[in-house]
S.K.: 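Okay, here's the structure, questions in a sec.
Numbered from 1 within each chain, the chains take letters A, B, ... in sequence-line order. Given the structure is predicted, the values throughout are model-derived calculations rather than measurements.
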Amino acid sequence: MAATDTSVSIQDLSLSFGAVTVLQTLNLDVADGEFIVLLGPSGCGKSTLLNCIAGLLDVSGGRIVIKGKNVTWEEPKDRGIGMVFQSYALYPQMTVEKNLSFGLRVAGTPKDEIAKRIARAAEILQIEPLLQRKPTALSGGQRQRVAIGRALVRDVDVFLFDEPLSNLDAKLRAELRVEIKLLHRKLQNTMIYVTHDQIEAMTLADRIAVMKGGVIQQLDAPQIIYNRPVNRFVAGFLGSPAMNFLDGRLENAGGGWHFLADDLKIPLGTYHFDRQPAPGPTVFGIRPEHVSLNSGTGWPFSTAANVEVVEPMGSDTLVWLRLAKQNFSVRVTSERTPRNDEPVTVGFDPMRASLFDTVTGSRL
Amino acid sequence: MSAAPIAIQERSDLADVRPYGPKPRRMSPGRIGIYAFLIVAALFFLIPVYIMIVTSLKGMPEIRLGHLFSLPHEPTFQPWADAWLHACTGRDCNGLSPGFYNSVKITLPSVAISIVCASINGYALTFWPYKGANLLFGLLVFGAFVPYQVVIYPLIIGLSSVGLFATLPGIIIVHTIFGMPILTLLFRNFYAALPAELFKAARVDGAGFWRIFFSIMLPMSVPIAVVAVILQVTGIWNDFLFGIVFAGRSNWPMTVQLNNIVNTTTGVKEYNVNMAATILTAAVPLVIYFISGRWFVRGIAAGAVKG
Ligand SMILES: Nc1ncnc2c1ncn2[C@@H]1O[C@H](COP(=O)(O)OP(=O)(O)OP(=O)(O)O)[C@@H](O)[C@H]1O
Ligand SMILES: [Mg+2]
């Protein structure tokens, strides 16, 4: 993706509903052709931000620039955006064809042009046999395809998606996810996609913006967000099964920095500190798949533990242990599943870990 | 494969051990009570209707015999014809028919105008909230609870000052105003229950206030519009107070005419004619109920509300 020019630029955006401030001086630059995912827990302001970009909500402060044009006060239709909603929002009394053409008819597009664009959209989305049906006669996946088509026919610069797949069942969601990805490959449009499903975020995004309480916590490529989360919230929000967190202290003892928790002493020689470390209370985080079970003592750190619970998850198994009197999970392949109460050795490389300040939660 | 017959056998064994399968339906005491109440209530309302119908089909000599419940010996439709064409109110003996046409002239425009205004009101209040919209809505709801009698006198003064008192437009305006609170409430609640994303999608598609209203909201409003029509037609048709006060002598609706026929003091009381006249007056709301009730159910069943 040759993302050079800025497509959508959100500058110092604020929004409040009366006394409730939902977004506060938010900044976000989206490159041309980029696929940005806004990820965050329910109520963090993702939809609100998207509605501001679409012009469906009046901002309280700041401005929005789309394709170099300041659209802060523009009507939704003049912003060059198309939007796809969670509830599909198809016009129930119109056929699929009329649904697709509504925007064009409102804009007074010539008939043959409308027909041409509908044919193209229907072909891309494979909904040609459905054109004469009413929305009630469509399945969820088909409805969402029509909803995408409605944005497609209008030839917009920016696609906005508000949790488009969350009303679908798991299988259909996976299918449409791939279709959206292909669509993006084909159209090369800028896409801003809201979800609270981290798999969608990881698979679709060029960059993910993780939001919490109306503030973007981290904006980065999925792999960076996953491997080097900037704070404990981002670390805990992404990843399933979730990252292990051990509460303890950071100390410079016996030639180098160590993480200490109860009887545990993890050397941090291989850990890449973001800033100058200082002794004090610290959280040690490591993902279950970055920990190895019974694989020798070749690891920078290894220790013995007892298996408490085993959770089979299909392809892998999650093994729960107690480490430093705290819960700790390890992800192993199904063939290597240990039994309950079996003594095991746990090994990992602290290079893959994330250390967070206990008080501020930010990455060390 | 070989396991299947065994499984079936086991199940047929199980069937003998009850409970098994659907629970048998029994008439519970509560149900019996409900049915008893419904039957009594139906009789309570149907007996007067029965008496009205048989009386309207009897001649006066037969009525004087006093057998209230007996079927007519010599059924006659003369009382119906008299009620429609010849019954007297004071010196005029033109029957109910002028009142019927007056009622039609009052009801049709009142219903149409009030529903059009209320649907636009409800739509604007739901989707285009402006400053003070909530206050206005609160006032409207409050308006639904104001007793009519309180505002009659101020309204008379107001209408006569613009020369509309005792005219057809005058009574239409009055009915429209008084229908507004409840109808706006009805339409607002209906639109508020629609997914807001539908409106947002239309905005993104570039549609404005009227376009969204006519192309998207109005086609979905059929069920609620039918409810509004039922409410307004029955309310306005059955109205007596506003009709007698605001319509003016020449526009008196059917109800006022009926009252005058029944209460006329000259000559003998023609019970059969009175009964026929009453049934004729009540017929319109009844017909509306029967026709639009079916539509109403159909509208809901067709999924007009749910996307
Ligand atoms: N019209 C409104 N009036 C007042 N508060 C609102 C309004 N709309 C949203 N909010 C508040 O703004 C916050 C953000 O809402 P928003 O819909 O953007 O969340 P979200 O991140 O999209 O959540 P979800 O994942 O559940 O869709 C919430 O706390 C919500 O209560
Ligand atoms: Mg949302």
Side-chain angles (χ1 to χ4, degrees), chain A residues 17-18 47 50-58 74-95 98-109 134-138 140 143 146-151 153-154 156 158-164 167, chain B residues 119 122-135 137-138 187 189-227 295-307:
Chain A
F17 294 109
S47 300
L50 212 62
N51 281 325
C52 288
I53 299 173
L56 295 167
L57 280 174
D58 280 335
E74 301 281 340
E75 280 292 302
K77 67 170 163 47
D78 302 323
R79 296 185 176 212
I81 52 111
M83 194 157 173
V84 179
F85 298 91
Q86 178 179 352
S87 66
Y88 322 125
L90 299 181
Y91 313 125
Q93 307 291 345
M94 300 184 195
T95 61
K98 291 270 181 287
N99 260 285
L100 292 175
S101 64
F102 183 69
L104 299 174
R105 280 182 285 137
V106 170
T109 315
K134 289 268 182 76
T136 33
L138 300 178
R143 284 182 205 185
V146 176
I148 294 171
R150 209 161 46 178
V153 292
R154 289 181 45 239
V156 292
V158 181
F159 275 73
L160 306 175
F161 294 90
D162 194 352
E163 306 199 26
N167 278 4
Chain B
S119 56
Y123 161 71
L125 281 168
T126 311
F127 293 112
W128 302 85
Y130 42 91
K131 218 172 146 86
N134 278 332
L135 182 72
F137 184 58
F187 276 97
N189 288 352
F190 177 78
Y191 290 130
L194 294 178
E197 294 187 340
L198 208 56
F199 171 75
K200 289 182 182 176
R203 288 280 310 277
V204 171
D205 266 342
F209 185 94
W210 294 111
R211 186 70 190 236
I212 296 177
F213 181 66
F214 285 113
S215 293
I216 292 160
M217 297 302 165
L218 216 49
M220 284 198 290
S221 311
V222 173
I224 200 68
V226 172
V227 174
W295 266 46
F296 183 58
V297 174
R298 228 183 279 165
I300 301 250
V305 188
K306 281 190 81 184

S.K.: How close do A/Glu75 and B/Arg203 get, heavy atom to heavy atom, and via which atoms?
M.R.: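 Result for this residue pair: OE1-NH2, 3.3 Å.
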S.K.: May I ask you to decide if A/Ser87's main-chain N or O and B/Glu197's side chain share a donor-acceptor pair within less than 3.5 Å?
M.R.: yes
S.K.: Counting only non-hydrogen atoms closer than 4.5 Å, does B/Ala196 touch chain A with its backbone (N, CA, C, O), its side chain (CB onward), both, or neither?
M.R.: neither
S.K.: With rounding to the nearest 0.5 angstrom, report the NZ to CG distance, B/Lys200 to A/Leu50.
M.R.: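 Atom-to-atom, B/Lys200:NZ and A/Leu50:CG are 9.0 Å apart.
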S.K.: Tell me, for A/Leu56 versus chain B, whether the close heavy atoms (under 4.5 Å) come from the side chain, the backbone, both or neither.
M.R.: side chain
S.K.: Quickly, which of A/Arg150, A/Lys77, A/Arg154 forms a side chain to side chain contact (heavy atoms under 4.5 Å, CB included) with B/Val204? Name it, please.
M.R.: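 For B/Val204, the side chain to side chain contact (heavy atoms under 4.5 Å, CB included) check succeeds only for A/Arg154.
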S.K.: Using a 3.5 Å cut-off and no angle test, enumerate the donor-acceptor pairs between side-chain atoms of residues 209-217 of chain B and protein atoms at least two apart in sequence or in another chain.
M.R.:
{"residue": "B/Arg211", "atom": "NE", "partner": "B/Ser215", "partner atom": "OG", "Å": "3.2"}
{"residue": "B/Ser215", "atom": "OG", "partner": "B/Arg211", "partner atom": "O", "Å": "3.4"}

S.K.: Check whether A/Asp78 gets within reach of chain B through its side chain, its backbone, both or neither, counting any heavy atom under 4.5 Å.
M.R.: neither
